[in-house]
Amino acid sequence: MKITAEIAVNDGTLYKVEHESTFTKTLMKVNVFIPKVIKQSEKIPFILYLSGLTCTPDNASEKSMIIYFASLKNLAVVLPDTSPRGAGIEGEDDNWDFGTGAGFYVDSINKPWNENYNMYSYINTEIFQLINDNFPIIDTSKCGITGHSMGGYGAIMMHLRNEGKFKSCSAFAPISNPSIVPWGEKCFGNYLGNDKTKWEEYDPCCLIKKINKDRKGDILIHVGDKDVFNYRDNQLRCENLVEASKGTNWEIDLNVVKGYDHSYYFVSSFMKDHIEWHYNRLNK
Ligand SMILES: N[C@@H](CCC(=O)N[C@@H](CSC=O)C(=O)NCC(=O)O)C(=O)O
């Protein structure tokens with residue numbers, strides 16, 4: 001692992017990191033924010049932020065306000081990339097919503113993507129190892145997960161699939177039912193193939209019904225009523241997750257907020273609520 005920059009921000013430090021990934025077989029970039037630590041003897045919890053289509057680790061670092069609000073609560077923040085880059089696969093750079101910048105947080109099973117596009121294991125395993133090995137101040141057993149759009153879907157899916165791993169979960173404008181919307185159909189079809197039972201393993205609306213029936217949980221969601229990807233393109237379907245949660249022990253706290261779009265102006269406007277949500281659960 002190499003630290004390529006150390007940037008003073010909000011009373012702490014943002015480390016820009018590069019490392020060779022065993023799961024993507026490419027050089028991966030990650031941003032890690034460490035707040036000003038009062039007691040060096042104490043490890044601190046962290047928020048894992050998964051970004052949306054087209055993003056690098058820098059979009060949310062610069063525009064989401066996550067670093068500002070996390071710093072106020074003494075939380076670290078880890079911001080991974082959204083896909084391998086420069087894998088050398090034909091067509092990987094041809095679309096903004098598939099391939100580079102659009103790993104969709106799955107482990108691909110279809111050729112040629114399965115060699116590199118393994119973002120599920122990269123996030124779920126390798127990011128945790130990277131933090132454990134290089135940032136000992138972070139307590140990796142205390143992780144809250146969140147994200148935006150494709151990353152909001154990734155956060156909910158990771159949380160549902162991994163009982164006990166994440167202590168809290170929230171999402172901004174998540175793609176909540178990816179199996180039935182164009183973004184999900186394109187990525188799942190290419191990465192996972194035509195067998196839709198494989199898609200269900202990553203779809204929050206299918207997972208919430210299938211996982212351990214005794215498991216309880218809550219997920220905070222905000223989405224804007226002026227989000228064109230939602231009301232015009234029907235890509236998000238957050239209400240389907242509320243519907244799917246009925247009859248389970250899961251509470252989906254869905255907030256449709258008036259006047260907001262899909263951008264980082266929307267994300268930053270509700271970041272304070274999301275950090276408080278995580279802080280309260282990480283410190284239980
Ligand atoms: N280029 C696209 C728009 C892409 C876009 O809006 N990406 C969102 C995430 S969408 C779902 O995952 C994003 O976070 N963009 C980065 C940013 O800094 O805003 C188009 O032309 O429509």
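Read the numbers this way: they start at 1 and go in the same order the structure lists the ligands and their atoms.
Atom 11 (C) of ligand 1 has Ser149 OG, 2.3 Å as its closest protein atom, hydrogens excluded (heavy atom only). Among protein heavy atoms, atom 14 (O) of ligand 1 sits closest to Cys55 SG, 3.3 Å. Nearest protein heavy-atom contact of atom 15 (N) of ligand 1 is Thr54 OG1, 3.6 Å. For atom 6 (O) of ligand 1, the closest non-hydrogen atom on the protein side is Phe229 CE1, 3.7 Å. In terms of protein heavy atoms, atom 3 (C) of ligand 1 is closest to Trp96 CZ3, 3.9 Å.
The distance from ligand 1 to the heavy atoms of Met150 drops below 4.0 Å at these ligand atoms: 11 (C), 12 (O). Distances below 4.0 Å separate heavy atoms of Asn59 from the following atoms of ligand 1: 16 (C), 17 (C), 18 (O). Applying the 4.0 Å criterion to heavy atoms of His148 picks out, from ligand 1, the atoms 14 (O). Counting the atoms of ligand 1 from 1 in the order shown, those under 4.0 Å from a heavy atom of His262 are 10 (S), 11 (C). The atoms of ligand 1 that sit less than 4.0 Å from any heavy atom of Tyr264 are 14 (O), 17 (C), 18 (O), 19 (O).
Using a 4.0 Å cut-off between heavy atoms, Leu53 contacts ligand 1 through both its backbone and its side chain.
Ile275 and Phe46 fall into different hydrophobic clusters, where Ile, Leu, Val, Met, Phe, Trp and Tyr are joined by side-chain heavy atoms under 4.5 Å apart, directly or via other members.
Residue contact annotation: Ser263 has no non-hydrogen atom under 4.0 Å from ligand 1.
Taking the centre and axis of the six-membered ring of Tyr265, the NZ or CZ atom of Lys63 falls outside the cone set by 45° and 6.0 Å. Annotation: cation-pi pair Lys186/Phe98 absent, no NZ/CZ under 6.0 Å from the ring centroid and within 45° of its normal.
Between Lys196 and Glu200 no salt bridge is recorded (no basic side-chain N to carboxylate O distance below 4.0 Å).
Ring pair His159/Phe166 is perpendicular by interplanar angle, where above 60° counts as perpendicular and below 30° as parallel. Ring geometry for Tyr264 against His148 counts as perpendicular: the plane angle is over 60°, on a 0 to 90° scale with 30° as the lower cut. Between Tyr49 and Phe172, the ring planes lie tilted relative to each other; the angle falls in the 30° to 60° range.
Put simply, CG on Leu220 and CZ on Arg281 are 8.0 Å apart, with the number rounded to the nearest 0.5 Å.
Proximity of the aromatic rings of Phe104 and Tyr117 is defined here by a centroid distance below 6.0 angstrom, and this criterion is not met.
When only interatomic distances are considered, the shortest N/O to N/O separation between Lys63 and ligand 1 falls below 3.5 Å.
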